[in-house]
Enquirer: 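The structure is given below, and queries will be raised subsequently.
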Amino acid sequence: MLDIKFIRQNTELVRRKMLERGQEMDMSPFLNLDTRRRDILQEVEGLRSDRNTVSKDIGEKKKKKEDASEQIARMGEVSARIKSLDDELKKVEEDLNAMVMVIPNLPHDSVVYGTSSEDNPVIRVWGEKPQFSFAPKPHWDIGEDLKILDFERGAKITGARFTVYMGLGAMLERAIINFMLDLHIFDHGYTEVLAPFMVNRESMTATGQLPKFEADLFRVDQVDYFLIPTAEVPVTNIHRDEILSEKELPIHYVSYSPCFRAEAGSYGKDTRGLIRQHQFNKVEMVKFSRPETSYDELEKLTANAEDVLQRLNIPYRTVSLCTADLGFSSAKTYDVEAWLPGQDAYREISSCSNFEDFQSRRAAIRFRREDTGKLDFVHTLNGSGLAAGRTVVAVLENYQQADGSVVIPEALRPYMKGIDRIPAIG
RNA sequence: GGAGAGAUGGCUGAGUGGUCGAAAGCGAUCGCCUGCUAAGCGAUUGUACGCCGUAAAGGUGUACCGCGGGUUCAAAUCCCGCUCUCUCCGCCA
C-alpha cells in the first residue's frame, strides 16, 4: 500500500500516476476521510489526556478518603464521549484503509507510458531461433504424440486446465525444477526455501492479492486459507512483522512451489496446452533489499531468470511492462518471453518485479539503518525463475526433431539420468 | 478430536485495579576508568499515530503487556470470546 501521509502530501502526483495506469481516481473521498480521522484523533486524545489526569486525582482523593463523586460523574460523561468518538474513528479508519488497500503501486519513473501490452518496449533479444526442415508443432501436439502430456485425463480427474504428465514428461518437469533450483542456489547465491502452499488472509493481504483479487484465488472451505498463486506469497511473508538488520540485506530466497490460480476472467484465452493451467509448478526468486539498491537487484534478478534460458539455449526477449500492463503491486516489471516456434510467438515465461515498499508497508517488513539507527521499510522483489510448465513447453517446441522426437537440452541431462532424447512412439 | 499449562519490552523474568511504558537481570550503545584483554562505574536503550517545529534535531499528547470485546472515574491486572505455543491422550505420513 501507499503511505497515507504520502498520498496526503502528493495527491496530484498519485492521481496522475493512477491515470498513467489507466485508472481515473477521485481523491476527495480519501482526503475527506483522512481529515476527519485526524480531527477525531485530536479531540479524543485530548479527552483521554484529561481523563488520565483526573483519574489519578480521583485515586489520590480516595486514598485520603476525600469525596470525588463530582469528578467521577464528570469523567463518566467524558468516557461516554470517548466511546462514541472511538466508534466513529474505527469506522473512519476502516473506510480509509479499505480505500488505500485497493490503490495500486505507483509506476517507477522509468516505466514508459502505454495503454496495452502492445506498448511494452523490448529491452533485449537473445539467442537464435531454431530453423526447422518441417512445420514445427505446438507443444500440445508434441506432448500427446509422445504420450507425455495427457490433457483429457487431466480434465477427467479434475477438470479443465489440469494436466497429467506421464513418463519422461513428468521426469522432464522435475528435471527442470531441480536444474533451476540448483542454478539459483549454487551459481546465483540464493537460499532455498520450501514454504506452505496454503496461506492465511493476512499473508495474502501483505503481498497484495487481497482484498482486491480474491476471485483469482482458490479458497479452502473448512478454514479461511487460500492456495498460493505463487511462492512469492509464503516466501515474502517469512519476514512479515519483522525488523531485519541492515547487515543481512539483501536477502535472496528461491523456492519451488505449485501455483494455483482460478484464472477468473481468462476463459477463452490459451485454452490449449500447458500455457494457462489452474495448477502449475514454478521456481520463484524473492529478494529483500535496501531501498538504495533495489533497482540494481531487479536487474540482477532478471539476469538470473534469463540465465536459465541461456543455459537451456532457448531464444527469448525481455520486455519492460508499460504503465497499463504493470501488475497491481509492482513499481516496475520485466517480463522474459521465451520463443515458441510451434506457436510462432514469444510467450511470457518469467516476470520480475520491484515492489519497492508497497508490500513491505502492508507486511511491516522493516530494517534498522546502521548509521542513523532508524527503521525503514525494505524493498521486496520477486521473479519467476522460471515457470516450470512453460519451460517444458519451450523445450518441447524448440528441441523437436523431424522424426517427432524431442532432444533433451544438455544442461538437463544430468537431471534426467543421462537420457538425451524423448523418443517418438512407433 | 479430548485434557491441562502458558503468551509481558531485543532476551530471561517480576508484576492481581490507580504511584506501571512497566521491577530486576542479561544483551546492546555511548562515556569514564584501567598502559592490552577482562572486570568496574555512569548514562541511554521500543513502536505507531496525532499535534507543534520550513526541515532535520527536538518537544508534546495518545495508544500498545498475544488478538477482539466487556466492567470501571481508572485495566498488564477483573469478566467473556478467539488465536497461537507447550505437555499428555487419540489419530496419522
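Quick note: numbers below take in every heavy atom, side chains included, and nothing from hydrogens, waters or symmetry partners. We name chains A, B, ... by the order of the sequence lines, and we start the count at 1 in each one.
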Enquirer: List for me each residue that meets side chain to side chain contact (heavy atoms under 4.5 Å, CB included) alongside A:Ser117, sequence neighbours excluded, and say none if there are none.
Expert: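 Expected list: A:Asn120, A:Asp325.
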Enquirer: When both hydrogen-bonding distances must be under 3.5 Å and the geometry is Watson-Crick or G-U wobble, what is B:U83 paired with, if anything?
Expert: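 Answer to the pairing question: B:A7, which forms a Watson-Crick or G-U pair with B:U83.
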Enquirer: Can you tell me the pairing partner of B:C51 across any strand shown, Watson-Crick or G-U wobble, with both distances under 3.5 angstrom?
Expert: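 In the structure as shown, B:C51 has B:G59 as its Watson-Crick or wobble partner.
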Enquirer: It should be established whether A:Lys64 places a side-chain nitrogen or oxygen under 4.0 Å from OP1 or OP2 of nucleotide B:U19.
Expert: no
Enquirer: Just call it for A:Lys61: base, sugar-phosphate, or nothing, with non-hydrogen atoms closer than 4.0 Å on any strand.
Expert: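 Result for A:Lys61 = nothing.
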Enquirer: Regarding A:Arg74, tell me which of base, sugar-phosphate or nothing describes its non-hydrogen contacts under 4.0 Å with the strands shown.
Expert: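 The residue A:Arg74 makes no contact with any strand.
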Enquirer: Need one value for A:Asn52: base, sugar-phosphate or nothing, where a base atom within 4.0 Å counts as base even if backbone is also close, heavy atoms only.
Expert: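 Sugar-phosphate only.
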Enquirer: Would you say A:Lys83 places a side-chain N or O within less than 4.0 Å of OP1 or OP2 belonging to B:G70?
Expert: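 For B:G70, OP1 or OP2 has a side-chain N or O of A:Lys83 closer than 4.0 Å.
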Enquirer: Between A:Ser79 and A:Gly46, name the one whose nearest nucleotide on RNA chain B is closer to the 5' end.
Expert: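 Closest to the 5' end, via its nearest nucleotide, is A:Gly46.
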Enquirer: In whole angstrom, give me the gap between the P atoms of B:A7 and B:U47.
Expert: 25 Å
Enquirer: Rounded to the nearest Å, what distance is computed from the CG atom of residue A:Leu47 to the P atom of nucleotide B:C73?
Expert: 16 Å
Enquirer: Do the two ring centres, one from A:Phe213 and one from A:Phe328, sit under 6.0 Å apart?
Expert: yes
Enquirer: Rounded to the nearest Å, what distance is computed from the CG atom of residue A:Asp371 to the P atom of nucleotide B:C30?
Expert: 14 Å
Enquirer: Provide the Watson-Crick or G-U wobble partner of B:A28, both distances under 3.5 Å; none if there is no partner.
Expert: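 In the structure as shown, B:A28 has B:U44 as its Watson-Crick or wobble partner.
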Enquirer: Taking any strand in view, what nucleotide pairs with B:G90 in a Watson-Crick or G-U wobble way, both distances under 3.5 Å?
Expert: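 Pairing partner: none.
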Enquirer: Rounded to whole Å, how long is the line connecting atom CD of A:Glu43 with atom C1' of B:C49?
Expert: 17 Å
Enquirer: To the nearest angstrom, how far is A:Glu370 atom CD from B:A28 atom C1'?
Expert: 13 Å
Enquirer: Round to a whole Å and report the spacing from CD1 of A:Ile4 to C1' of B:C49.
Expert: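 Those two atoms, CD1 and C1', are 10 Å apart.
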Enquirer: Does B:A75 have OP1 or OP2 sitting under 4.0 Å from an N or O in the side chain of A:Arg51?
Expert: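 Negative; the distance criterion is not met.
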Enquirer: Pick the C1' atom in B:G2 and in B:U12, then give their distance to the nearest Å.
Expert: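 Looking at atom C1' only, B:G2 and B:U12 are 33 Å apart.
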Enquirer: Mind checking the P distance from B:U8 to B:A76? Whole angstroms is fine.
Expert: 16 Å
Enquirer: If you measure from the C1' atom in B:A39 to the same atom in B:U34, how many Å do you get, rounded?
Expert: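 It works out to 9 Å between them.
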Enquirer: Contact class for A:Arg8 vs. all strands (heavy atom < 4.0 Å): base, sugar-phosphate, or nothing?
Expert: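 The answer is sugar-phosphate, as A:Arg8 gets under 4.0 Å only of primed atoms, P, OP1 or OP2.
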Enquirer: Counting the atoms with a prime plus P, OP1 and OP2 as sugar-phosphate, which does A:Gln71 contact under 4.0 Å by heavy atoms, base, sugar-phosphate, or nothing?
Expert: nothing
Enquirer: Verify whether the ring centers belonging to A:Phe288 and A:His252 lie closer than 6.0 Å.
Expert: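 No, the ring of A:Phe288 stays outside the 6.0 Å limit from the ring of A:His252, centre to centre.
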Enquirer: Counting only Watson-Crick or G-U wobble pairs whose two distances fall under 3.5 Å, which nucleotide matches B:U37?
Expert: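 Checking every strand shown, B:U37 finds no partner, since no pair has both distances under 3.5 Å.
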Enquirer: Decide yes or no for A:Phe280 and A:Thr163: does some side-chain heavy atom of the first lie under 4.5 Å from some side-chain heavy atom of the second?
Expert: no
Enquirer: Whole angstroms only, please: what is the CZ-C1' distance between A:Arg201 and B:C84?
Expert: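 Taking CZ of A:Arg201 and C1' of B:C84, I get 19 Å after rounding.
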Enquirer: Quote, to the nearest angstrom, the P distance that separates B:G1 from B:C80.
Expert: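 Taking atom P in both B:G1 and B:C80, they lie 23 Å apart.
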Enquirer: Do NZ/NE/NH1/NH2 and the carboxylate oxygens of A:Lys156 and A:Glu152 come within less than 4.0 Å?
Expert: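 Between A:Glu152 and A:Lys156 there is no salt bridge, as every charged N stays at least 4.0 Å from the carboxylate O atoms.
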Enquirer: Using whole Å, report how far CG of A:Leu244 lies from P of B:G10.
Expert: 14 Å
Enquirer: Would you say a side-chain N or O of A:Lys5 is under 4.0 Å from OP1 or OP2 of B:A48?
Expert: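 Answer no for this pair, as no side-chain N or O of A:Lys5 is under 4.0 Å from OP1 or OP2.
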Enquirer: Say you pick atom C1' in B:A63 and the same atom in B:A55; how far apart are they, in whole Å?
Expert: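 Each nucleotide's C1' atom is 27 Å from the other's.
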Enquirer: Base, sugar-phosphate, or nothing for A:Leu375, non-hydrogen atoms under 4.0 angstrom?
Expert: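 Touches sugar-phosphate only.
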Enquirer: Let's test this: given Watson-Crick or G-U wobble pairing with both distances under 3.5 Å, identify the partner of B:G18.
Expert: B:C73
Enquirer: From the options B:G69, B:C73, B:U62, select the nucleotide whose nearest atom is closest to the side chain of A:Ile58.
Expert: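 From the listed options, B:C73 comes nearest.
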Enquirer: Measure the distance from CZ on A:Arg37 to P on B:C51 and round it to the nearest whole Å.
Expert: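 It works out to 9 Å between those atoms.
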Enquirer: The side chain of A:Gln42 lies closest to which of these nucleotides: B:U47, B:C51, B:G18?
Expert: B:C51
Enquirer: Between A:Arg38 and B:C51, is there a contact of a side-chain N or O with OP1 or OP2 at under 4.0 Å?
Expert: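 For B:C51, OP1 or OP2 has a side-chain N or O of A:Arg38 closer than 4.0 Å.
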Enquirer: So does A:Glu356 pair up with A:Lys332, basic N to acidic O under 4.0 Å?
Expert: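 Answer for the salt bridge query: no.
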Enquirer: I'd like to know if A:Glu263 pairs up with A:Arg276 as an ion pair, taking the criterion as any Lys NZ or Arg NE/NH1/NH2 lying under 4.0 Å from an Asp or Glu carboxylate oxygen.
Expert: yes
Enquirer: On RNA chain B, nearest-nucleotide positions of A:Ile243 versus A:Asp87: which is more 5'?
Expert: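 Closest to the 5' end, via its nearest nucleotide, is A:Ile243.
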Enquirer: Mind checking the P distance from B:C65 to B:G10? Whole angstroms is fine.
Expert: 13 Å
Enquirer: Is there a donor-acceptor contact under 3.5 Å linking the side chains of A:Ser79 and A:Arg51?
Expert: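 Yes.
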Enquirer: Between B:U37 and B:C52, how far is it from one P atom to the other, in whole Å?
Expert: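 After rounding to an integer number of Å, I get 50 Å for this pair.
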Enquirer: Look at all strands and tell whether A:Leu41 reaches a base, only sugar-phosphate, or nothing, counting heavy atoms closer than 4.0 Å.
Expert: sugar-phosphate
